[in-house]
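In what follows, a structure is listed as structure tokens, so that the remarks can point back to it.
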Amino acid sequence: MNHLLGIAGLDTATIAKLLADADDYSKHLRSVGSSSERRIDDRINRRDRRILTLFFENSTRTIQSFQAAAHRLGLQVVDLAIPRSSVEKGESFHDTLLTIRSLAFDVVIIRHPSTGAAHYAARILNCPVVNAGDGIGEHPTQALIDALTITQHEGAIEGKTIAIVGDIRHSRVARSNVHLLTKLGAEVRLTGPPTMLPHPDAYPGVLITPDRDEALRGSDVVMALRVQRERQSGALIGSEAEYRRGWGIDLEVLSRCCPGALVMHPGPVNRGIELASEILDHPRCVIGEQVRNGVAVRMAVLNWLITTEENAQ
Ligand code: NCD
């Protein structure tokens, strides 16, 4: 059975297919606009297909874009609101998965604070599972969104220098992006406070440095990340002002990248900490496009999983 649990387990042919399909969907979504023609893919005419979103952590853009993607593909989408579920009565994660399995969904999309939770779910459930973020593990659809957005602006990933700035150690977005962008031939550099950087040998061939300027110099893309206080056990930065001075991005800092460098962020942004307000209004800041591409990428992923299942039957 096919799942999307991480970029680490994905072959290059599948990555290329998902990015190409997502690019087609994104062009189509742009041409039809948001109000017209809700369903845009008649290759899937499957009102009997039911997708479950199972989010044990908060989400705005990820859950909304998975649901929008399912609607666009003509699939039914059901959300299990955890605060109103039997999880609140003490039902374990394992038993919740057994219940979901009995209810027979066609794809389950899961977000959970524990690293490895999506892999665990894939072993229990009898349908494809999509990892929408597991602790500090992976967030594969976010990395696909970021790769699509860079490709649409820069023409390709190969040969580009991409600096990821911030709380790398606790970021599933950073982990999935390092795997994906290096597979696609980018030079990836990681920078942030020393307490938030991975082990120097974590990713062979990737520059890991606390020196923001060393990472940013000549880069084509700068991707800022949120400081994830909910995943840290102690105070890993002295103060917000210290973080801003050392690793925040404003117009002056941006001028150290290549002229015309893209600014990205998976959201949610701590405005004024990792990105200055002037950057959020900058024409090279593509955060809105990343959110829009979320629907297209998730359409490509759902279509791939459902089509593969149908072909296997
Ligand atoms: C990220 C996440 O939840 O992993 N957000 C997202 O999905 N766009 C990053 C974050 O929470 O900082």
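All heavy atoms count here, side chains included; hydrogens, waters and symmetry mates do not. Both counts, for ligands and for their atoms, begin at 1 and track the order of listing. Nothing here was measured: the structure is a model prediction, and the numbers come from that model.
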(Q) Tell me whether R111 reaches ligand 1 (any heavy atom closer than 4.0 angstrom to a ligand atom). (A) yes
Q: Check whether any heavy atom of G267 sits under 4.0 Å from an atom of ligand 1.
A: yes
Q) So is R298 actually on top of F66's ring, under 6.0 Å and inside 45° of the axis? A) yes
(Q) Keeping S65 on the side-chain end and T62 on the backbone end, is there a donor-acceptor pair under 3.5 Å? (A) yes
Q.
Looking at R284 and E154, is there a salt bridge between them, counting it only when a charged N and a carboxylate O are closer than 4.0 Å?
A. yes
**Q.** Carboxylate-amine/guanidinium proximity below 4.0 Å for R49 and E309
**A.** no
Q. Mind checking whether P268 has an N or O less than 3.5 Å away from an N or O of ligand 1?
A. no
(Q) Parallel, tilted or perpendicular: which one describes the rings of H179 and Y203, with boundaries at 30° and 60°? (A) perpendicular
Q: For this output row, return yes or no: ring centroids of H112 and F93 closer than 6.0 angstrom.
A: yes
What atoms of ligand 1 come within less than 4.0 Å of a heavy atom belonging to [X]?
X: H139; result: 2 (C), 4 (O), 6 (C), 7 (O)
X: Q142; result: 8 (N)
X: R226; result: 10 (C), 11 (O), 12 (O)

Q: Examine the proximity of ligand 1 to R172 and report which part, side chain or backbone, both or neither, has a heavy atom under 4.0 Å away.
A: side chain
